[in-house]
Structure formats: structure tokens, C-alpha cells
Amino acid sequence: MGKSSTTKDAQALFQSLRSAYTATPTNLKIIDLYIVFAVVTAVIQVVYMALVGSFPFNSFLSGVLSCVGTAVLAVSLRIQVNKENKEFKDLPPERAFADFVLCNLVLHLVIMNFLG
């Protein structure tokens, strides 16, 4: 009996999350997709390293840190672009995107330097 109530609760939770996410603007959904892509790429690299080995360890670290850093910067972009966020209401989306691009440039310059 307890299992069926938890199943119903889980279904109700997923249904409410799905209905709330359908109201999300398209530009935020695109950023979410980019974040998922970056995280999945990092996971694939970690699985590959676990299966094959980590001979060029700097390359592995650079790849994973690039994916994780890009995902973190994209989360920051999503927070700044979200219209419902009151902290960044005066910040135009173009400025937030310019910050994202500049920080990504700096991140990847550091990662290229780390590669050697």
C-alpha cells in the first residue's frame, strides 16, 4: 500500500514539473539543452577514461574542466537572462550573453594553456 502512494506522489511531482516547464520561455529551454549537452559530454569523457585509461591526463582534465566550466557559465547565463529573476532585472540579455562569451573565451584560453 505504501508503494502505490509513493508512486502516485512521484507521478504527481513529475506531472507538476512538466506542466511548469512547458511555461518556460524558449530561450531558457535552449540554454537548458546546452547545459545538458555539456554535462553529458563530461560524463562520456569520464566513462571513456575509466574504460580506456588516462594516459594523457592533462587532456582528460582539460576536456572535463572545459565541459564543467562551460556548464557553470551557462547556468550563470540562464540565471541572468531569466525574466522572473528580480536580481538581474536591469541587466539586458545582450550584456549577459556578452559576459558569457567573454568568460568562455577566458576559460578556454586557460584550458589551452593547461594542455601545454
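Hydrogens, waters and symmetry mates play no part in the numbers below; they use all other heavy atoms, side chains included.
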Using every non-hydrogen atom in the two residues, find where L65 and I111 come nearest and quote the distance to one decimal.
C-CD1, 4.0 Å

With rounding to the nearest 0.5 angstrom, report the CG to CE distance, L115 to M112.
6.0 Å

Same cluster (ILVMFWY, side-chain, under 4.5 Å), I31 and L102
no

Taking N85 for the side chain and I79 for the main chain, is one N or O donor matched with an acceptor at less than 3.5 Å?
yes

Euclidean distance, K89 NZ relative to Q80 CD, rounded to 0.5 Å
16.0 Å

Counting only N and O atoms by type, is there a donor-acceptor contact under 3.5 Å from the side chain of T24 to the main-chain atoms of Y21?
yes

Starting at CZ of R78, measure out to CD1 of I35 and round the result to the nearest 0.5 Å.
7.0 Å

Considering non-hydrogen atoms only, spot the tightest contact between G63 and Q45 and give its length.
C-OE1, 2.9 Å

Side chains of L73 and L77 in contact at under 4.5 Å (non-hydrogen atoms):
no

Cluster check F97, L107: I/L/V/M/F/W/Y, side chain < 4.5 angstrom
yes

Does Y34 form a side-chain contact (heavy atoms from CB on, under 4.5 Å) with T70? I'd like the steps, not just the answer.
CA-CA 9 Å; Y34 181 70; T70 302; 2.8 Å; yes

Should V81 and V75 be counted in the same cluster of Ile, Leu, Val, Met, Phe, Trp and Tyr side chains packed under 4.5 Å apart?
yes

CZ of F114 to CG of N58: how many Å apart, nearest 0.5 Å?
4.5 Å

Between V47 and L51, is the side-chain contact (heavy atoms from CB on, under 4.5 Å) condition met? List the steps.
CA-CA 6 Å; V47 169; L51 293 175; 4.0 Å; yes

Gap separating the CG atom of N27 from the CG atom of N82, nearest 0.5 angstrom
8.5 Å

Does any part of the side chain of C67, heavy atoms only, come nearer than 4.5 Å to the side chain of V39, both counted from C-beta?
no

Indicate if V68 and V46 have the same hydrophobic cluster label, given that clusters are the connected sets of ILVMFWY residues with side-chain heavy-atom separations under 4.5 angstrom.
yes

I need the F14 CZ to S19 OG distance, nearest 0.5 Å.
13.0 Å

If Ile, Leu, Val, Met, Phe, Trp and Tyr residues are connected whenever their side-chain heavy atoms lie under 4.5 Å apart, and connections chain through other members, are Y48 and F55 in the same group?
no

Between M49 and V64, does a side-chain contact (heavy atoms from CB on, under 4.5 Å) hold up when you go through it step by step?
CA-CA 10 Å; M49 189 226 37; V64 171; over 6 Å; no

Please examine the side chains of K83 and L28, heavy atoms only from C-beta on, and report whether any two atoms are closer than 4.5 Å.
no

